[in-house]
Amino acid sequence: MIESTIVENTAKAINELYDAEVKIQDIGLQKTRKEFNGDFTIVVFPFIRYSKKTPQKTAEEIGDFIVSHDEIVEKYNVIKGFLNLTLKDKFWKKFFLDNKNNSAFGFTKHFDGKPYVIEYSSPNTNKPLHLGHIRNNLLGFSLAQVLTANGKKVEKVNLLNDRGIHICKSMLAWEMWGNNETPDSTGIKGDHLIGKYYVMFEKRNNEVVNKLVQRGLAQEEAEKESPLLLEAQRLLKKWENKDAKIVSLWKKMNAWAYEGFSDTYDRLGVSFDKFYHESDTYLIGKKLVQEGLEQGILFEKEDGSIWADLSNEGLDEKLLLRADGTSVYITQDLGTAQLRHDEYDPEQLIYVVGNEQIYHFEVLKIILKKLGRTWAGNIYHLSYGMVDLPEGRMKSREGKVVDADDLMDEMYNTAMAMTMELGKIDGFSGQEAEKLYRIVGLGALKYFILKVDPQKNMLFNPEESIDFNGNTGPFIQYTYARIQSVLRKAVEEFSYNPAGLINIDFSFIQKERDILRIIYEYPAIVQQAGETLSPALVANYVYDLVKEYNQFYHDFSILREEDHNTSIFRIELSVFTGMVIKSAMGLLGIEMPERM
RNA sequence: GGUCCCGUAGUUCAAUUGGAUAGAACGUCAGAUUCCGGUUCUGAAGGUUGGGGGUUCGAGUCCCUUCGGGAUCACCA
């Protein structure tokens, strides 16, 4: 690595020139910013206390030393306290020739160590997926790709929240008012059908509560005493007691939900290695709670409910089992974590879950630690912010959720309309055209969401996302398709042979170097995205690359360049660029069209 | 009220994890190109990084304080 050589030489320079020891990690090496000349930059401010000279003078002395000791460094310049080093062309040539045909460029090959388990999606089975789930799914899937690219062993897991009061509500509503409707009988997608009954329950329950309030009950009291809710709670209790009739209804309705989810996942292009069911893991959680109770780590209240006292941690008491013995959300999460630890012994257990559950995961970790699970420290909650729409906050209670399937339909239709108007898809079969609409529509959606730092709340603007200009998925796809078009023409027009450019003579102009420099960064970007668990870094990187390439494409000819060797080089540089674009977008789960 | 997160151009987002004159995109205005694919590219305008202190060679980034927005503190998940 040239970087480490430069850093070592810098340390050596300081040692020999100023007789001081500097730690390697204290030497700040960064890529040179665009507006200055050079490839790498060393910040010399920290060294002036050794040199006792001005930053300018210090930088010059170190620069001289490096140039005379490192045969890859051609020259340097100093601006303020910044030492900018320029590498020789032969370095970039070698980099280019070594990597241009390596489709795994930027990736670490071997798996090392324990697996990384990523939980994402984790839907409730009582309603279909919405926009928030989309961000979750895209993040989880992309992270898995990024970690795999970093040579990690990755397990993608999905926890189906298939039990609890919520699904009982859907079940109750369906039993009371469903007239035995099924996905088949209605033609409604399974998860949507269940969602219909969940909404129906909430609506009727509200009506009942309102009536109780009118009769003089306090709101809170009315909510607790609503006969509908009480009935749902009875269902939950029956379910935990394995009442055959309830269990069979539960199985039937959950199966509908799973079919629906499966369709949505396929369409979204995400997948899982393993599914966990809360209905299995809550029992393990109960066992853990029992264990903690026996060891005196947890305590029981008079009504029989079981709690954890977290006051030493500055938190409240936390309920773990209700008085009636049924378990709550965190109970099953304790069990799920234990199960995963037993099965994978993971290096890291990553949960992709919205930031409204930060407290939940904090509590989860504390309780596990109290129970003696030292591996609780490997739990990492990747929390992400809300997704808003231009129309304003979506609020599920107001029924204003943006349904995942509907949104994908909308993106698909917009992609189709735009392609009809602008596309060069003559000769596409119906199937090919449909595939293209899917790729472009989804690419727009995915890119727009993933380019934002996960932690932040964001605004999804469907119109802007699918714009063919600007920092969007389709713009990147377009650039890629255009490169492929150039390549096709190159093969047709002067029978370009992709094995070409091995020993031919070629030299760079500045713009070509600029592109190479950005490509050179790719491996570091992949690594950084893995370390910080942020696909957004990859998204923003690929846009920078595309922008640089488009400037080049605009200003210089590729196929019409008179010098044949230059022409060949530019074709190959374009192909290399295309390869990295495709690779980076692949990490985001976004496909590239050959034509669009 | 306690805890946590977020405040960056009109808007949506960046900023190499403490480094140079805080950058892109959309929109606006002016121009070049109209040729390998819709165009693409260049330039202009737009900022007291919510405000105020502090830490040091250096702060959007770290600390304190204050204001604004959000989340959470459920026998919902």
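These numbers come from the heavy atoms of this one structure, side chains and all, not from hydrogens, waters or symmetry mates. What you see is a predicted model; the values in this text were computed from it and never measured.
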- The nucleotide from B:rA32, B:rC36, B:rG70 with an atom nearest the side chain of A:L559 is B:rC36
- Note on the structure: Atom CG of A:L459 and atom C1' of B:rA25 are separated, to the nearest Å, by 15 Å
- Item | Whole-Å distance separating the CE atom of A:M592 from the P atom of B:rG37 | 20 Å
- Please measure how far the P atom in B:rC13 lies from the corresponding atom in B:rA20, and state the result in whole Å. 24 Å
- Note on the structure: Among B:rA77, B:rG19, B:rC41, the one nearest any side-chain atom of A:V328 is B:rA77
- Note on the structure: When rounded to whole Å, the CD1 to P distance for the pair A:I358 and B:rA71 reads 12 Å
- Task: Rounded to the nearest angstrom, tell me the gap between atom CD in A:E548 and atom P in B:rG23.
- Result: 16 Å
- Phosphate OP1/OP2 of B:rA71: any A:Q357 side-chain N/O under 4.0 Å: no
- Does a distance-only test, which skips hydrogens and angles, find a donor-acceptor pair under 3.5 Å between the side chain of A:S122 and the base of B:rA77? no
- Nearest-neighbour nucleotide for the A:Y359 side chain, B:rU72, B:rG37, B:rC26 considered: B:rU72
- Query: Which whole number of Å gives the distance between the P atom of B:rU49 and that of B:rG10?
  - Reply: 12 Å
- Message: Please pick, from B:rA14, B:rU12, B:rA77, the nucleotide with the shortest atom-to-atom distance to any side-chain atom of A:F448.
- Response: B:rU12
- In whole angstrom, give the distance that lies between atom CG of A:N205 and atom P of B:rC76. 13 Å
- Query: Looking only at atom P, what distance separates B:rC73 and B:rU21, rounded to whole Å?
  - Reply: 46 Å
- Task: Looking at every strand, decide which applies to A:Y282 at a 4.0 Å heavy-atom threshold: base, sugar-phosphate, or nothing.
- Result: nothing
- Task: Spell out yes or no: do the side chain of A:N84 and the base of B:rA20 have one donor N/O and one acceptor N/O closer than 3.5 Å?
- Result: yes
- Task: Answer with base, sugar-phosphate or nothing: what part of the nucleic acid does A:Y478 contact at a heavy-atom distance below 4.0 Å?
- Result: base
- Task: Pick base, sugar-phosphate or nothing for A:E35, based on heavy-atom distances below 4.0 Å to the nucleic acid.
- Result: nothing
- Query: Is the shortest side-chain N/O distance from A:K456 to OP1 or OP2 of B:rG7 below 4.0 Å?
  - Reply: yes
- Round to the nearest Å and state the distance from A:D453 atom CG to B:rU17 atom C1'. 12 Å
- Item | salt bridge (charged side-chain N to carboxylate O under 4.0 Å, His left out) between A:K511 and A:E548, worked out | CA-CA 8 Å; A:K511 205 69 193 169; A:E548 197 70 40; 2.9 Å; yes
- Note on the structure: From CG of A:N461 across to C1' of B:rC26 the rounded distance in Å is 9 Å
- Look at all strands and tell whether A:R33 reaches a base, only sugar-phosphate, or nothing, counting heavy atoms closer than 4.0 Å. base
- Query: Which is true for A:R570 with a 4.0 Å heavy-atom rule: it touches a base, it touches only sugar-phosphate, or it touches nothing?
  - Reply: nothing
- Task: For A:K547, report the nucleic acid contact type (base, sugar-phosphate, nothing); a contact means any heavy atom under 4.0 Å.
- Result: sugar-phosphate
- Item | Under 4.0 angstrom between A:K224 side-chain N/O and B:rA74 OP1 or OP2 | no
- Item | Pair A:H360 + A:Y329: ring centers closer than 6.0 Å | yes
- Task: Remember a base hit wins even if backbone is also touched, and classify A:T532 as base, sugar-phosphate or nothing at under 4.0 Å, heavy atoms.
- Result: base
- If we ignore angles and hydrogens, is there a donor and acceptor under 3.5 Å between the side chains of A:T41 and A:N84? yes
- Message: If you only use heavy atoms from C-beta on, which nucleotide in B:rA77, B:rC36, B:rC41 is closest to the side chain of A:D555?
- Response: B:rC41
- Task: Check for a donor-acceptor pair, side chain of A:R570 on one end and backbone N or O of A:Y553 on the other, with a separation under 3.5 Å.
- Result: no
- Message: Does A:D303 reach a base, just sugar-phosphate, or nothing at all? Heavy atoms under 4.0 Å.
- Response: base
- Given the C1' atoms of B:rA45 and B:rG53, what is the spacing between them in whole Å? 33 Å
- B:rG46 and B:rU12: how far apart are their C1' atoms, nearest whole angstrom? 15 Å
- Using the P atom in both, what is the distance from B:rG2 to B:rU48, to the nearest Å? 32 Å
- Query: Which base sits across from B:rG1 as a Watson-Crick or G-U pair, both distances under 3.5 Å?
  - Reply: B:rC73
- Message: Output the rounded distance in Å from CG (A:L450) to P (B:rC13).
- Response: 14 Å
- Task: Please name the pair of heavy atoms, one in A:M596 and one in A:A481, separated by the smallest distance, quoted to 0.1 Å.
- Result: CG-CB, 3.9 Å
- Item | Aromatic contact, A:F361 with A:Y351 (centres under 6.0 Å) | yes
- Message: Does A:F45 reach a base, just sugar-phosphate, or nothing at all? Heavy atoms under 4.0 Å.
- Response: base
- Message: At 4.0 Å (heavy atoms only), tell me whether A:D162 reaches a base, stays on the sugar-phosphate, or touches nothing.
- Response: nothing
- A:K301 NZ/CZ over A:F299 ring centroid, <6.0 Å and within 45° of normal: no
- Query: With sugar-phosphate meaning primed atoms plus P, OP1 and OP2, does A:E464 contact a base, only sugar-phosphate, or nothing at under 4.0 Å between heavy atoms?
  - Reply: nothing
- Message: What contact category does A:P46 fall into here, base, sugar-phosphate, or nothing, at under 4.0 angstrom with non-hydrogen atoms?
- Response: base
- Identify the two heavy atoms, one from A:W307 and one from A:L319, that lie closest to each other, and give their separation to 0.1 Å. CE3-N, 3.3 Å
- Can a side chain N or O of A:R322 be found less than 4.0 Å away from OP1 or OP2 on B:rC76? yes
- Under the criteria of a ring-centre distance below 5.5 Å and an interplanar angle below 30°, is A:F82 stacked with the base of B:rA20? yes
- Is A:Y543 stacked on the base of B:rA24 when the test is centres under 5.5 angstrom and planes under 30 degrees? no
- Contact class for A:V43 vs. all strands (heavy atom < 4.0 Å): base, sugar-phosphate, or nothing? base
- Would you mind classifying the nucleic acid contact of A:E521 as base, sugar-phosphate or nothing, using non-hydrogen atoms under 4.0 angstrom? nothing
